[in-house]
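In what follows, a single structure is set out as structure tokens and then discussed.
Remember, predicted model here, so these are calculated numbers, not experimental data. Start at 1 and go down the list; that is how both ligands and their atoms are numbered.
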Amino acid sequence: MILFKKRTDLYKYIEQQRKKKLKTGFVPTMGALHDGHISLIRKSVSENDLTICSIFVNPVQFNDPSDFKKYPVTIENDIYQLETSGCNILFLPDVEEIYPEGTGQQSSYNIGYLDTILEGKFRPGHYQGVCKVMERLLKIVMPDNLYLGQKDYQQCQVITRLVGMLEFEKRIKITICPTLREKDGLAMSSRNMRLSETDRKKATAIYRTLLYIQKNINNSEFTVLKNEAEKILNESGLLTDYIEIADAASLKTINRRDDKRKTIVLIAAYMNGVRLIDNMILDE
Ligand code: AMP
């Protein structure tokens with residue numbers, strides 16, 4: 001695996017590979033890699049000649065400075081996992097490399113209501129920061145294939161919209177990969193490293209709640225169901241930002257099932273100050 005720290009070096013290298021008609025797959029991450037990330041890498045390795053992973057903890061997408069400070073960094077282990085899963089290139093820039101003009105400037109990507117619902121509502125400015133870093137990374141890497149995780153469902157929608165706005169949709173194909181879970185159902189997440197063993201076990205209530213909603217969706221009113229769901233989470237010590245039942249295509253809240261459309265349940269909750277998100281598409 002080749003490690004690049006400078007964007008111009010990476011750009012030139014990928015340009016050369018592209019001239020050789022090599023197909024490129026890109027997996028952007030914030031590091032502290034786990035099997036969920038590695039499943040994206042493996043998917044890319046199986047579909048491309050060259051797989052590029054970036055590790056960059058993007059300061060401008062953190063609305064909570066302490067969340068940024070506490071974000072886990074495990075770079076040596078990350079490199080080992082990337083090497084053993086067949087990744088060809090690691091892009092590991094520092095903040096100045098991505099934001100030579102500094103991180104202070106406001107951005108205004110027009111991602112519509114996605115900016116103000118669910119994650120956008122509870123993490124103001126988060127998706128503006130995501131768009132900012134993704135625009136820069138995509139312009140450097142310009143992959144044929146981009147791999148994203150369903151775990152960050154709303155982010156997948158935001159990035160799809162960004163790719164459209166940048167008019168890259170004919171060049172970059174987006175693949176959304178399934179959420180990998182621990183054996184007990186907890187969605188794998190870098191933030192799980194910040195949980196104590198006891199809290200990690202309690203956090204499995206998020207998955208149980210998703211299953212509870214899935215089981216009862218056809219015989220309960222959605223408001224009642226969401227209240228019940230919140231109780232399950234609270235009993236395990238989770239404080240919810242939201243439990244939402246939405247149309248999977250638009251992410252707009254729905255109050256009753258429509259058989260012609262896919263339904264998604266989304267949850268964001270805190271376990272002792274650690275913010276966790278998860279979701280489940282119900283019609284699969
Ligand atoms: P992050 O490092 O959290 O920014 O995640 C990098 C990529 O990995 C994103 O596309 C995530 O959606 C994806 N990802 C994170 N957790 C999982 C998981 N448990 N299963 C599959 N993909 C994941």
### Message
To check you understand the geometry: which heavy-atom pair defines the closest contact between T51 and V45, and what is its length?
### Response
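Scanning both residues completely, I find the closest heavy atoms to be OG1-N, 3.3 Å.
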#### Entry: Closest approach of P93 to I55 (non-hydrogen atoms, all atoms of both residues)
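Looking at all heavy atoms of both residues, the closest pair is CD-O, 3.6 Å.
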### Message
I need the full list of ring pair (Phe, Tyr, Trp, His ring centres under 6.0 Å) pairs touching residues 9-43, with sequence neighbours left out, sorted by first then second residue.
### Response
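Non-adjacent pairs meeting ring pair (Phe, Tyr, Trp, His ring centres under 6.0 Å): F4-Y13, H34-H37.
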### Task
Measure from NZ or CZ of K132 to the centre of the six-membered ring of Y109, then state whether that distance is under 6.0 Å and the direction lies within 45° of the axis.
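Negative - K132 is either too far from the ring of Y109 or too far off its axis.
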### Query
Considering residues at least two apart in sequence or located in another chain, which fulfil the ring-ring contact (aromatic ring centres under 6.0 Å, His included) criterion with F68?
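With neighbours one apart ignored, the set is F62.
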### Task
Name all residues meeting the ring-ring contact (aromatic ring centres under 6.0 Å, His included) criterion together with F122; count only those two or more places apart in sequence or in a different chain, and write none if there are none.
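ring-ring contact (aromatic ring centres under 6.0 Å, His included) check on F122 returns Y242.
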### Query
Hey, which residues fall under 4.0 Å of ligand 1 on heavy atoms?
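Residues near ligand 1: P28, T29, M30, H34, G36, H37, L40, Y71, L148, G149, K151, D152, P178, T179, L180, M188.
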